[in-house]
Structure formats: C-alpha cells, structure tokens
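By convention in this document, chain letters (A, B, ...) are assigned in the order of the sequence lines, proteins followed by strands, and residues within each chain are numbered from 1.
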2 protein chains.
Amino acid sequence: MRMLLIEDSDSLAQSIQVYFHNEGHPLDWVNSVEKARSSVSLESFDLLILDINLPGASGFQLLQSLRANGNRIPVLVLTARTEIDDRVSALDFGADDYLAKPFDFRELAARCRALYRRERGKASNDILCGNLVYDLATHSAKVNGRLLELRQRERQLLELFLKNLDRVLTKDDISNRLYDFNEAYTPNAIEQTLTRLRKQLANSSLIIKTIRGLGYLAHVDD
Amino acid sequence: MRMLLIEDSDSLAQSIQVYFHNEGHPLDWVNSVEKARSSVSLESFDLLILDINLPGASGFQLLQSLRANGNRIPVLVLTARTEIDDRVSALDFGADDYLAKPFDFRELAARCRALYRRERGKASNDILCGNLVYDLATHSAKVNGRLLELRQRERQLLELFLKNLDRVLTKDDISNRLYDFNEAYTPNAIEQTLTRLRKQLANSSLIIKTIRGLGYLAHVDD
DNA sequence: TATACCATGTCAGGAAGATGTCAGCTTTAT
DNA sequence: ATAAAGCTGACATCTTCCTGACATGGTATA
C-alpha cells in the first residue's frame, strides 16, 4: 500500500510517518497542494491522506481538481475543524472518508486499510490457517474462535511463522527477528519459546515442524 | 429522507420548500409549534428544521419537550439572532445543529444531509454490555440501572473500550485517543485511570483484561 | 481574593507475570 | 549404540503492571 500524506504540520506529519512505518507501511509526505499535485502526477499512490487546512491552495481545491480530471484515487480527508459542513463538503467534493483532528492513529490506520481494501476488493487483513485466524491489526490469534493467550515472545514467533509458511526458518533467522543485536541469549531461549507456542497451538491446524540441524517450518495441516 | 420545517415566515418557508423539492427531498411545512407537535406525534420524520423565533410558544419549548419525552429525532435549529448564547442554548436544549439567518440554502441542505447520514450511521444511542448500559448521547453509564459517577478520563477510556470490544488496544492506541500529540504524560497515567475505571466497573459484566506487553482488551463476561 | 475541593498525573513499592538459563531427558541420524 | 540436536520442567531474574499516597493545577465558593 503506497500512501501520500499532504499535511503542513511537520510534527504531526512526522508522527504519522513514524507510526505507519512501524506498521509496515511506508508513507510519503508533502506539505503543500502544489507538491502534492506533482507527486500525484509523477508517481502512483494507492491512497491520499489530505489535510484540508493547508497554506495556499486549500485541500478542497486539490480534491476537486483530481476528481474533475477523472482521478478516482481513494482520498481520506483530515480536518481540524469540527463543523459539519466541512465534512459535508469533503464528502460532496469526492473524498472517500474523513477524520476530524485530533484522532487516534490506530483509527487512521484502520480507515486507510479499509479504503485500500475496498479498492482492492479484499476481504480482510486476517491471516487464515485452517482453524487458526491471526489478526494483524490487533495481533491476536484465535483457534476455532477462541482467543489464544499468547505472550509477547510467542506472538512474535507465531507472526514470523505465519509470514513464512512452508518456508524453513533457521534459528538465526528467528533470533534476528526476535532479538536486538546486543541482546544476549542462548539458542535454547528460542526452543523454550517454541515449546510454549506449540502448547498454545495444541489443537490448531498450524504445525511447526522441526527440521533437524536446519531450523523450523510452519505449515497447515489438513 | 422525510423532513419537517417549522417556520412562521411564509416566504422563507416556501423558498426552502421549493429548493428542497428541486433537490429531490420533499419537505413538509408547518408554521407553529402547536401544529408541529401534532405533526410529529402523528407522522414519522427523519429530521426537523426548527425556527426558534416563532409566535406563541418558542421553538426552544418544543425542542425541550421533545427531548424530555425521549424523542431523539435530529433537529436543526434556525435562528435569526446571531448571539452566541442562542446557539449555545440550542445545543444545550438538545439541537443537533444550528444555522443563523440569513443562510445559504446549499449550506442548509448540506447540514441536513450530514445530520441524516450521521443518524443512519448509528444503529442506536446505547451500547449494551450485559448489565452495563452506555448512552452515547449523554455519555453516561449505568450498571444495573445505577448511574456510575465517572470522571472525564474514565468516561473517555470506557467509551474507547466499548467501541472496541473484543479488540486489543495498545497503550499507544489509548494515549493517542485520550491525549493530544504534544501532551506530556507517563504511561502510568493510563494505568492509573484504568485502575479507577475498573473500580467503577467492579460489579458490571464488562471486563477489562490486561494483555501483558501488548495492551488491554475489553469483553463482556457471561 | 483566599479557600477548599476535585480531577488527574506522578512516584514508589510491591505483586504478578513473562522469559531466559540450566539440567536432565528424549529423539534422530548414522 | 552413540553422539548430537532438540525438548521441557524447574527455577531465577527481570519486566510489566497495579495501586496507595501524594503533588499539582484548575474550578467553584465564600
């Protein structure tokens, strides 16, 4: 998902950028309508996050001209004003969604995902593995609808396996993902976490197989 | 969208009626509070447009009595006065929006659309969680019919959890919602508020579970 | 203006829980 | 059969979280 943020407040923009980056979604950022125009014409984005209150040309003008030119890119409008008509005109001008400041970054991310999904026709951001469902948004796992009580490490490990189904992960691969460079630990720590994770996955269809001397491989049992 | 206009100026009312009719939204019109009362009780409207300055009983009285009887129909108030207290009292008396004369018909139409959309968007004003009832309109919570004496922060936190039942909220999610970007606080502030909220919820069926290292999850206990 | 009160954040100590280490046992490949 | 690799129960340590006590700042009241 390639996104462009059009926002003149540096601090807010940077916070959003960091948040989205941590979520695994790089985000480009420009601080004026003029720069936005050229970015949009030069590159292809999946989504625009547009602050309405910009110096110079208003965000509305950008939105209006995009639509006038037949550009259907999903646009989420941010507005500091809480008046209803601001929102109304945003939607009437062709925005796909709006959010009033101050807002929750998680909500912004959720709405972006929703818009992107709507565009792609995708169903959800869950990872499905037989009777196991992993929700990437809330980092929670369910087996047959029952929530697993995963601890941090187990969760990280599970997520890693789910993102690498049917692929062998060496202990090095795993330790690089779970631990910082300067964190000291023995290889046994991973084995221990794995034991604990396997207990949690006892009656799920996700199997973590040991490949002796090489590493581990997660696959769905049918 | 079925609307009722309560307005004593014939010429203004007729202009509005024509405008809305051309927009494709038929609009009923009465010129007194008394007629409005009977219309509202006899038929079902999606929206009222209420002029405050009416002969006889004031528009405020109508508004007040509607709300006193638990009628939550969206009401947009028109006022010729521009004083702030007029607007304030309109909202305090339960109006959903107001507009000062003279106004642009397009703005009136946009605000009506917005109110209508907003209303359709929400199924109900109450969130039910076992023995806990939260009223989104008045922001009040009751457990077994007993009103909780929530403070501002506790209320915000509760509302956040209620809107995200069975979803994990990280402390970051929570702080983004409860605090402005530039407000300084320690993570402990959230823990403290949570402790206080949990005390209030002591014998309710809403449970706020701690997910160590990740955040919190609210769910209904059965 | 002075006072009291209340909401809310900070601090600190303690409790609860998570995670790594160790040691001994089991499994696997040769 | 043997050695190497992996598994796991028990334990120690380190984190995270909870909560009572206190500080602070804002607001209502006299």
Side-chain angles (χ1 to χ4, degrees), chain A residues 102 139-141 147-161 168-204 206-219, chain B residues 88 139-141 147-161 168-204 206-219:
Chain A
H139 305 282
S140 59
L147 191 71
L148 297 187
E149 303 204 348
L150 295 171
R151 277 152 282 187
Q152 190 75 327
R153 276 277 131 87
E154 294 160 21
R155 188 176 301 121
Q156 294 169 340
L157 193 57
L158 174 58
E159 207 168 308
L160 184 57
F161 278 123
V168 176
L169 292 171
T170 67
K171 278 186 191 161
D172 265 5
D173 292 339
I174 295 170
S175 63
N176 285 337
R177 282 296 295 267
L178 297 202
Y179 299 91
D180 285 344
F181 300 114
N182 46 6
E183 272 183 293
Y185 59 91
T186 62
N188 191 250
I190 292 169
E191 292 170 14
Q192 187 60 258
T193 303
L194 190 67
T195 293
R196 287 163 181 155
L197 176 59
R198 276 173 168 157
K199 263 184 204 156
Q200 300 259 15
L201 297 177
N203 39 24
S204 84
L206 185 72
I207 308 292
I208 300 172
K209 207 169 142 188
T210 304
I211 316 266
R212 218 181 159 76
L214 235 194
Y216 300 93
L217 179 145
H219 68 103
Chain B
V88 168
H139 304 280
S140 61
L147 192 69
L148 297 186
E149 301 201 352
L150 295 171
R151 279 156 285 195
Q152 191 65 7
R153 276 278 132 88
E154 294 160 22
R155 186 175 301 120
Q156 293 170 342
L157 193 57
L158 174 59
E159 204 168 311
L160 183 57
F161 277 123
V168 176
L169 292 172
T170 66
K171 278 188 191 159
D172 263 7
D173 292 338
I174 295 170
S175 63
N176 282 337
R177 172 56 68 108
L178 261 56
Y179 301 89
D180 284 345
F181 305 115
N182 43 7
E183 271 183 294
Y185 58 91
T186 62
N188 193 252
I190 292 170
E191 293 169 14
Q192 189 58 257
T193 303
L194 189 67
T195 294
R196 287 162 181 155
L197 176 59
R198 275 174 168 155
K199 264 183 203 155
Q200 301 259 15
L201 297 177
N203 40 22
S204 83
L206 185 72
I207 308 292
I208 300 172
K209 204 170 142 189
T210 303
I211 311 238
R212 259 176 178 257
L214 229 203
Y216 300 93
L217 179 144
H219 68 103

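Considering only residues two or more places apart in sequence or on other chains, A:Thr170 meets the side chain to side chain donor-acceptor pair (under 3.5 Å) condition with A:Asp173. For A:Arg151, the salt bridge (charged side-chain N to carboxylate O under 4.0 Å, His left out) partners are A:Glu154, not counting sequence neighbours. Residues meeting the side chain to side chain donor-acceptor pair (under 3.5 Å) test with B:Asn188, sequence neighbours left out: B:Glu191. The side-chain contact (heavy atoms from CB on, under 4.5 Å) search around A:Ile208 returns A:Phe161, A:Leu194, A:Leu197, A:Arg198, A:Leu201, A:Tyr216, A:Ala218, not counting sequence neighbours.
Remark: A:Tyr179 is in phosphate contact with C:dG20, judged by side-chain N or O atoms under 4.0 Å from OP1 or OP2. Close to D:dG20, at under 4.0 Å from its OP1 or OP2, lies a side-chain N or O of B:Lys199. In this structure, B:Thr193 reaches the C:dG9 phosphate: one of its side-chain N or O atoms is under 4.0 Å from OP1 or OP2. Regarding contacts with the backbone of D:dC7, a side-chain N or O of A:Tyr216 is found under 4.0 angstrom from either OP1 or OP2. Remark: A:Thr210 is in phosphate contact with D:dC7, judged by side-chain N or O atoms under 4.0 Å from OP1 or OP2.
Straight-line distance from the CG atom of B:Leu194 to the P atom of C:dG9: 13 Å, rounded to whole Å. Here C:dG9 presents its P atom at 11 Å from CG of B:Leu157, a figure rounded to the nearest Å. For B:Leu197 and C:dA7, the CG to C1' distance is 15 Å, given to the nearest whole Å. Taking atom CG of residue B:Leu214 and atom P of nucleotide C:dA18, one finds them 12 Å apart after rounding to whole Å. B:Gln152 places its CD atom 14 Å from the C1' atom of D:dT27, with the value rounded to the nearest Å. Going from atom CZ of A:Arg196 over to atom P of C:dT21 covers 11 Å, rounded to whole Å. Following rounding to the nearest Å, A:Ile211 (CD1) and C:dT27 (P) show an atom-to-atom distance of 18 Å. Between the CG atom of A:Leu217 and the P atom of D:dG6 there is a distance of 14 Å, given to the nearest Å.
When the nearest nucleotides of DNA chain C are assigned to A:Leu150 and A:Pro187 by heavy-atom distance, the more 5′-ward of the two goes with A:Leu150. Residue whose closest nucleotide on DNA chain C sits further toward the 5' end, between B:Ile190 and A:Ile190: B:Ile190.
Here A:Arg153 contributes atom CZ and A:Tyr179 contributes atom OH; the two are 4.5 Å apart, rounded to the nearest 0.5 Å. In this structure, OG on B:Ser175 lies 4.5 Å from CD1 on B:Ile190, to the nearest 0.5 angstrom. To the nearest 0.5 Å, atoms OG1 (A:Thr193) and CD1 (A:Ile174) are separated by 9.5 Å. The CD atom of A:Gln156 sits 5.5 Å away from atom CG of A:Leu178, with the distance rounded to the nearest 0.5 Å.
Between the axis at the start and the axis at the end of the helix from C:dT1-D:dA30 to C:dT30-D:dA1 there is an angle of 30°, using five pairs per end and rounding to 10 degrees.
Among B:Leu217, B:Leu157, B:Leu160, B:Leu214, the one residue that satisfies the side chain to side chain contact (heavy atoms under 4.5 Å, CB included) test with B:Leu169 is B:Leu160. No option in A:Gln152, A:Glu159, A:Arg155 other than A:Glu159 meets the side-chain hydrogen bond (donor to acceptor under 3.5 Å, both in side chains) test with A:His139.
B:Arg155 comes within 4.0 angstrom of no nucleic acid atom, judged by non-hydrogen atoms across all strands.
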### Query
Quick one: what's the B/S/- string for nucleotides 11-17 of chain C, heavy-atom cutoff under 4.0 Å, read 5' to 3'?
BB---BS

